[in-house]
Amino acid sequence: MAAFASAASADELEEARVHALGRKGTLATISKEFGKLTPEERARLGKLLNAVKQELEGEYESKKRRFEQAALADRLSREWLDVTLPAAGIRPGSLHPITRLQEEIEDLFTSLGFAVLDGPEVESEEHNFDALNIPPTHPARDMQDTFWLTNGLLLRTHTSPVQVRGMRKLGPPLRMIAPGRAFRNEEVDASHEHTFYQLEGMMVDRDVSVANLIYFMKTLLSGIFRREVTVRLRPGYFPFVEPGFELDIQCLICGGPGCAVCKFSGWVELLPCGLVHPNVLKLSGIDPEQWGGFAFGLGLTRLAMMRFEIDDIRQMQGGDLRFLKQF
Ligand code: FA5
């Protein structure tokens, strides 16, 4: 009883139990001596032994329960959990910077009455070149290093074939944009990818002029950059527009004096555009005497780089989560 009382742990208690009540313990040893007793002594001492055993077992059980309760209380205090705390949760995904920009531009142009069209990435030579006033022998075909497929089709080199599809399907008057991927067999560097996004735009109506073109381009760029931007037009050559322009914006990173992004010129080349060439209208069944139009081919990937200040195009499709998680 004294050993049970002084046991300071469950282990010590168990040790005391084995010593007193175990198979080779004190009580067992005593009961082995019973054979030497007379029947009367055996009856008297047997009763006594049982009473002692019961008392010891009772004491042992109650002490054991106390240790168990203390162990449970200790565990509950250590393994405490506040189920009302908000869960850590999974980080929801976010839209890619190109997708974000594309959706903004779609919203802007749909508010101006433009339809959003889609076209195939695997195109016919006719849609990608011929119908855009670039016949097979035309040197302009060399401006875009094309991935040809073995079946005579190609990976579209720009989104301009969707102009052709739009004109043929919807006819004039027409207001459309067509965002999507384009492919060129190009040496990849900080500003060139073999796979990149463009956003084509076209308006065909009566009396469309360069003034209309500039208005829409300025509206587009102010919408994207959320401030008035300064633009300049330079002559640019594309067989499917006449006149053709390169529209530059004053660099938004440095504001004009020159920096690495604008290659120290103060201007960033962003938006080739022009008035639709009469041949292009004719090739899609539209009478150029009645109708005119403008078209543009925005470099969407490069625009996203300007907008989000991304200094290397290879980040865009590299799949690095550290990059993507910033958006
Ligand atoms: C064209 O592709 C014409 N179809 C644009 C056009 C449409 C002109 C309608 C007139 C009327 P260009 O090859 O310059 O033009 O490409 C247009 C834009 O796509 C470029 O300004 C650039 O921003 C982007 N771009 C071209 N090649 C790459 C490339 N390898 N990587 C990333 N962006 C590119």
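Whatever order the structure lists them in is the order used to number ligands and atoms, beginning at 1.
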Validation row, ring centre Phe216 to ring centre Phe114 under 6.0 Å: yes
So that I know where these two stand, are Phe67 and Phe4 an aromatic pair - ring centroids less than 6.0 Å apart? no
Within the protein, residues bringing a heavy atom under 4.0 Å of ligand 1, chain by chain: Gln144, His158, Ser160, Gln163, Arg184, Glu186, Ser191, His192, Glu193, Phe196, Gln198, Glu200, Phe238, Phe240, Val241, Pro272, Cys273, Ala295, Phe296, Gly297, Gly299, Arg302, Ile313
Run through Gln163, Arg165, Arg168 and flag the one making a side chain to side chain donor-acceptor pair (under 3.5 Å) with Ser284. Arg168
Tell me, yes or no, whether the heavy-atom count around His19 atom NE2, taken from other residues, nucleotides or ligands under 6.0 Å, exceeds 12. no
Could you verify whether a donor N or O on one side chain and an acceptor N or O on the other, from Arg184 and Thr157, lie under 3.5 Å apart? no
Is it true that Glu269 and Arg234 make a salt bridge, defined as a side-chain N closer than 4.0 Å to a carboxylate O? yes
